Amino acid sequence: MVSNVYTPRRAVLYVPGSDDRKLQKITGLDVDCAVMDCEDGVAINRKEEARHTIRKMLDELDFGRTECVVRVNSVDSGLMEEDLKVIFRADRMPQAIMLPKVNSPQEIYQFTENLKESLKGRIQKQKLQLITFVESAIGLINLTEIFRNTTELSNSEGLFDLAGVVFGSDDFCADIGASRTADATELMYARQKIVTCAKAFRLQAIDLVYINYKDLDGLEKQSLDGSNMGFTGKQVIHPGQIPVVQRAFSPSPDRVEWATQLLQAFSHHTQSGKGAFTFHGAMIDMPLVLQARNIVQLAEAIKS
Ligand code: COA
Ligand code: MG
């Protein structure tokens, strides 16, 4: 599981940085994480406007419990440096930066240099969180090295903490020449690899976007699939998707009750010297106890 106790980013909502009206709506949505976007949600001729609008929103909006995040353009777009420069001129810093289309550790070095420059002279009240994206075959192959190098940079430079990874599935499909299907079998390997790598580094893993935003049944199914695979949250593009995703990535009351009782039974049986025992008709040993702990921990993190 993810090591630090945090409010999980169950629903991660994109809001185009050039759309003043949608940005203003963030404050009324009770979403876990709002991503003010400089990247693919913004047309190429509106990039400059998006940066400045986001900078203004950082200072003006009251985000409440919503984590305030900015997605900059990718390193190889040539636009990221300017994004960082403008955004960090705001009085209030975003809590996290999302860096899309990371293909190699070298890009993280470039990002860190540009970030250092943009943060010069600022006192950080809170460490910035960094969330990277995997959106290509080469990015997926290099994922472990990317996480390793980013963690090392985080320790040596002290500018950010690596907090999570997002699966940019549509760019990934384009890169590998896959066609999207309803049950996403073509993405199975990538999703499992992303979850495994993320958890090895104790990171959150944010699952794919469900683009048919009016189909809430399909969204629920795909969200539950992702949650069962170990993803901690999902990207959303429309306010109507938020409650469905939040529910799917929260343990149900029944599940929390089961886990709580199991942990009590475990404590009782340990005292009497038993490693394995029967609970609700099933054999329980340490792996099940660890899963129950995950559930109780997650429920507590969501409540707080
Ligand atoms: N963030 C905040 N508010 C949003 C929103 C978003 N992502 N998407 C829609 N809304 C608001 C709308 O402004 C509208 O409120 P209003 O009538 O008071 O203006 C309300 O929610 C209902 O929206 P609706 O009319 O159903 O959709 P739309 O036609 O305005 O927008 C999309 C549809 C898909 C264009 C829009 O949801 C969107 O831009 N999503 C983000 C896309 C994106 O960022 N993609 C890149 C990352 S994958
Ligand atoms: Mg993308």
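One is the number of the first residue; the rest follow in order along the sequence. Both counts, for ligands and for their atoms, begin at 1 and track the order of listing. These values consider heavy atoms only, across backbone and side chains, with no hydrogens, waters or symmetry-generated copies. Everything numeric here is computed off the predicted structure, so don't read it as measured data.
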Look at [atom] and say whether a protein heavy atom is found at less than 4.0 angstrom from it.
atom                    : value
atom 35 (C) of ligand 1 : no
atom 41 (C) of ligand 1 : yes
atom 20 (C) of ligand 1 : no
atom 14 (C) of ligand 1 : no

Any idea which atoms of ligand 1 are less than 4.0 Å away from a heavy-atom of Val15?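 Those qualifying, in numeric order: 1 (N).
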
Contact with ligand 1 for Lys214, non-hydrogen, under 4.0 angstrom: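 Lys214 does not count as a contact of ligand 1 under the 4.0 Å cut-off.
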
Please state whether the separation between the Mg ion (ligand 2) and some N/O/S atom of Asp171 is under 2.8 Å?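 So Asp171 counts as coordinating the Mg ion (ligand 2), yes.
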
I'd like to know: is the Mg ion (ligand 2) within the 2.8 Å range of an N/O/S atom from Glu135, strictly under that distance?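 Yes.
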
Looking at [atom], what's its closest protein heavy atom, distance included?
atom                    : answer
atom 38 (C) of ligand 1 : Ile237 O, 3.8 Å
atom 44 (O) of ligand 1 : Tyr14 CB, 3.4 Å
atom 33 (C) of ligand 1 : Tyr213 OH, 3.6 Å
atom 26 (O) of ligand 1 : His238 NE2, 2.7 Å

Smallest separation among heavy atoms of Glu135 and Asp175, with atom names: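 Result for this residue pair: O-CB, 4.3 Å.
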
For a quick test of reading the model, state the closest non-hydrogen atom pair linking Ser18 to Ala50 and the distance between them.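 Distance-wise, the nearest heavy atoms are N-CB, 3.8 Å.
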
Assess the side chains of His268 and Gln264: does a donor N or O sit below 3.5 Å from an acceptor N or O?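 Checked: His268/Gln264 side chains show no N/O donor-acceptor pair below 3.5 Å.
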
Between the side chains of Ser179 and Glu186, is a donor N or O closer than 3.5 angstrom to an acceptor N or O?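 Not at all, the side chains of Ser179 and Glu186 share no donor-acceptor pair under 3.5 Å.
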
Going by the angle between their ring planes, with limits at 30° and 60°, are Phe277 and His269 parallel, tilted or perpendicular?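 Ring orientation of Phe277 relative to His269: parallel.
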
Please work out which of the three classes, parallel, tilted or perpendicular, describes the rings of Phe111 and Phe160, given edges at 30° and 60°.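 Rings of Phe160 and Phe111: tilted, 30 to 60°.
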
Mind checking whether Met36 contacts ligand 1 via backbone (N, CA, C, O), side chain (CB onward), both or neither, at a 4.0 Å heavy-atom cut-off?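 None of Met36 does.
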
Looking only at non-hydrogen atoms, which of Lys22, Arg21, Gln24 approaches atom 17 (O) of ligand 1 most closely?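 It is Arg21 whose heavy atom sits nearest to atom 17 (O) of ligand 1.
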
From atom 47 (C) of ligand 1, work out which of Arg71, Lys25, Glu39 has a heavy atom at the shortest distance.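 Selected option, by shortest heavy-atom distance: Arg71.
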
Charged N-O contact under 4.0 Å between Arg92 and Asp59: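 Result for this pair is no, no salt bridge flagged.
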
Find out whether Ile284 and Val289 are in side-chain contact, i.e. whether some heavy atom of one side chain is under 4.5 Å from a heavy atom of the other.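 Touching, per the 4.5 Å side-chain cut-off.
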
Can you check whether Lys234 reaches Leu219 side chain to side chain, under 4.5 Å on heavy atoms?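 Result yes, sub-4.5 Å side-chain heavy-atom pair found.
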
Looking at Ser227 and Ser223, would you say the former's side chain and the latter's main chain have a donor-acceptor pair under 3.5 Å?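 Looks like no, no N/O pair under 3.5 Å.
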
